[in-house]
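Because the structure is a prediction, the values reported are computed rather than measured. Residue numbers begin at 1 in each chain, while the letters A, B, ... track the order of the sequences.
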Number of protein chains: 2
Amino acid sequence: MLPKLDPTDRAILAALQSDASQSLDSIAERLNVSLNTVWRRVRRLETEAVIEKRVALIDNEKIGLPLTAFVQIRTDNHSEEWASDLTAAVNAIPEIVEFYRLAGDVDYILKMMIASVADYDRVYQQLISRVQIYNVSASFAMEKLKFTTELPL
Amino acid sequence: MLPKLDPTDRAILAALQSDASQSLDSIAERLNVSLNTVWRRVRRLETEAVIEKRVALIDNEKIGLPLTAFVQIRTDNHSEEWASDLTAAVNAIPEIVEFYRLAGDVDYILKMMIASVADYDRVYQQLISRVQIYNVSASFAMEKLKFTTELPL
DNA sequence: TTTGAAATGGATTCGGC
DNA sequence: GCCGAATCCATTTCAAA
């Protein structure tokens, strides 16, 4: 199931997940392989969807969303239907950027990017207006100490 | 402090954070402005660091890191030194992709991308070998329901 | 000072070997 | 895997508003 990745593939992935604006040429030179090789590997990694997409990362503070909040959700309703309602509600709210179902005590965790604590309430109201939630607890980030989209290879 | 962003800037940011591989030409056409205008706006957004970087997003499952864990940390040591030791330790561990200091009961939360629960233990041991931690609780994601780097504009 | 049209040069794409 | 042609695209220049 997992695509085979040799050291060259991994080096290319490492390069592109760190900086996707660099030219294939410069990667080829750094890895001591031909441009053509890099190009073919990248194309393969894209068709296999190892590379999901290329995106620009935007500074959340510069666009007026300095606050990150984590919200833990517990439910007393473990039906499929409730779960898919919650997922649909979350997907409709762009401030919620991550959402996971958890093992254990807390059922779900989500992360939201917001302007302020008042803005948290606005998003929270949006969420609970769409789906019945049993128990919510929010934690606000005082300081972002690390954030990266780079995965270890 | 916040850069002024007009609707064209926001539309360009929205386009690039959704797909940075599209040409400036196609964005220009879609927004009904000239290529030149888009190019200048992008350059300005880059020099102002509203656009932080361009990256390739990699499928964590395809590279053998299917598990996401959230780790909540409480400390009894609130010194500056301990905090900076923790941050240094976290920065040295590539499996830890996000790390925040929180307001409230839990002092820190971090997110890690790992191969398995056994792999969680390996990373956890690395962390506690570098810094004394009072209380840790980990939650494992059973299901990733939403993940995006796109911020609302 | 801002805009768009057009030219340049560099990077990507993809065939053939 | 390597070369090279064709294409595409970012970047610069320049003229006009």
In short, B:Asn60 meets B:Lys144 closest at the heavy-atom pair OD1-NZ, 3.1 Å
Any residue meeting side-chain contact (heavy atoms from CB on, under 4.5 Å) with [X], in chain and number order, not counting sequence neighbours:
| X | result |
| --- | --- |
| A:Ala11 | A:Leu31 |
| B:Ala141 | A:Tyr100, A:Leu102, B:Thr68 |
| B:Thr149 | A:Val55, A:Leu57, A:Thr149, B:Leu57, B:Phe147 |

Give a yes/no on whether any side-chain N or O of A:Ser34 is located under 4.0 angstrom from OP1 or OP2 of D:dC2. yes
Salt-bridge test for B:Glu48 and B:Arg43: reply yes if a basic N is under 4.0 Å from a carboxylate O, no otherwise. no
Basic-acidic side-chain contact under 4.0 Å: B:Arg41, B:Asp9: yes
Reading nucleotides 3-17 of chain D from the 5' end, what letters show protein touch, with B for base, S for backbone sugar-phosphate only, - for no heavy atom under 4.0 Å? B-----SSBBB----
Neighbour count >12 (heavy atoms, 6.0 Å) for atom [atom1], [X]:
| X | atom1 | answer |
| --- | --- | --- |
| A:Tyr124 | OH | no |
| A:Glu81 | CD | no |
| A:Glu29 | CD | no |

At a heavy-atom distance below 4.0 Å, what parts of residues 49-59 of chain B sit against DNA chain C? none
Quick one: which of B:Asn91, B:Val90, B:Val97, B:Ile96 gives a side-chain contact (heavy atoms from CB on, under 4.5 Å) with B:Ile93? B:Ile96
Give the rounded distance in Å between these two atoms: CG of A:Leu31 and C1' of D:dC2. 17 Å
Rounded to the Å, how far apart are A:Asn32 CG and D:dC2 P? 11 Å
Could you tell me, to 10°, how much the axis swings from one end of the helix from C:dT1-D:dA17 to C:dC17-D:dG1 to the other, five pairs per end? 10°
